[in-house]
Amino acid sequence: MNDMEEKFIGSLVGAVVGDCLGSEYEFVTPIPSREKMLKTYNSPCIFKYTDDTAMSRSVAFSLIEKKKLDCIDLAKKFTDEYIRKPYGYGATIGEVFHKLNNIFSSKEYASITEEEIFSPSKQQHSGQGSFGNGAAMRIAPASLFGIKSDNKEFEDLVRKISLITHAHPFGINGAILEATAVKWALKYPNNDSDLLDKLETFAKSLEVDSEQKVYQEKITLIRQLMLEYETSEEDVATKLGNDVTALNSVPAAIYSFLRTTKERFSNLSPEEKFKETILFSISLGGDTDTIASMAGAIAGAAYSINCIPKNWIKICEGVDDARKQAHKLYELQHCK
Ligand code: R7I
Ligand code: MG
Ligand code: MG
Ligand code: MG
């Protein structure tokens, strides 16, 4: 297996591990100490995945099966999965799936248009669309699939995957920035660009017509945090956020990974850096499964599958499927 395939697998498995381990503490207060957390993860239980992984699997499955983005197919896969197991999702996203389910059950599949598929998400939250982190949390497979796409193609891919459920620009832009971070990490450490510079350029273009430069402000905050030797989890959560909105979770996930590239961690092994990413992201509290899953996708891509602790891999549900899907996405992009 070559290095890039190991990074593909690391990314999807990293996302599953973050979701499974993080879901143990979603909105739990106070978050236990690292020691106690590690003890919990040493117990012989299986940690189940949640909606974050369920939706990522559908994204990967559809891209692999269709070899391109087919939004109608992907909307059907999201909806069928939600109907099969509707627990753990965001509080209002179910409305989208019920409307999509009505479309799929009342019309001939071949007659359904993309416009109809994108309509339910646009109606969310009085017509402004959702700014939850549900589009960002599921996006890693798109980074693998779009590894060779140019910026414009890649942005379109992520935007359309997001639009099926999330129509608010904050929800979509969060997904584009998370996807960009994962794609960047696949080329780390031999990447000649700086992640924050890249994200800033993207955020500027995404927010060019918007009065609120919300993601640019978060990127500035991450830059400041990167200059500090260490900042407490509490302060990071206050500055970057730790809730179910994309704006208050994607920056926290990106920082959780970037922090492990600080000079002070330079003597840690890649495996220790992966662990540090996950434990720190969970210690931020709040939406721990999603922040750890997004951070895990980036760190897994950067440090690769060999650096994800074997004892964590064993206890997380859904790792084998993630591995297989990553392998297929790799074949699709590198074995043509
Ligand atoms: O974004 P979404 O899929 O939720 C994902 C989160 C993750 O933490 C998962 O692990 C799971 O637990 O849920 O689902 P949505 O329901 O679209 O958005 C999540 C929540 O964000 C909503 O239920 C709202 O509370 C809030 N929200 C909004 N509130 C007001 N106005 C999202 N958009 C808006 C809005 O426009
Ligand atoms: Mg979840
Ligand atoms: Mg939940
Ligand atoms: Mg969550």
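Counting starts at 1 for both ligands and their atoms, following the listed order. Numbering starts at 1 and runs along the sequence shown.
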**Study point:** Under 2.8 Å: N/O/S of Asp19 next to the Mg ion (ligand 2)
**Key:** no
**Study point:** Non-hydrogen atom of Gly129 closer than 4.0 Å to ligand 1
**Key:** yes
Review point. Do any N/O/S atoms of Thr290 come under 2.8 Å of the Mg ion (ligand 4)?
Key: yes
Practice item. Would you check if the side chain of Tyr41 reaches a backbone N or O of Leu21 as a donor-acceptor pair within less than 3.5 Å? Key: yes
Review point. Which option out of Thr290, Asn133, Thr165, Thr50 puts a heavy atom nearest to atom 6 (C) of ligand 1?
Key: Asn133
Exercise for review: Could you list the residues that satisfy side chain to side chain contact (heavy atoms under 4.5 Å, CB included) with Asp209, not counting sequence neighbours?
Suggested key: none
Check your understanding: At a 4.0 Å cut-off, with the gap strictly under it, does some heavy atom of His166 reach an atom of ligand 1?
Key -> yes
Study note, to complete from the structure: Hits for salt bridge (charged side-chain N to carboxylate O under 4.0 Å, His left out) against Asp156, two or more places apart or cross-chain, chain-then-number order -> Lys152
Practice item. For the Mg ion (ligand 2), decide whether Thr50 has an N, O or S atom at a distance under 2.8 Å. Key: yes
Review point. Is the shortest distance from a Lys or Arg side-chain nitrogen in Glu276 or Lys273 to a carboxylate oxygen in the other one below 4.0 Å?
Key: no
Review point. Ligand 1 versus Gln124, non-hydrogen atoms closer than 4.0 Å: side chain, backbone, both, neither?
Key: neither
Check your understanding: Which of parallel (below 30°), tilted (30 to 60°) and perpendicular (above 60°) describes Tyr330 and His334?
Key -> parallel
**Study point:** Sub-4.0 Å heavy-atom contact, Gln128 with ligand 1
**Key:** yes
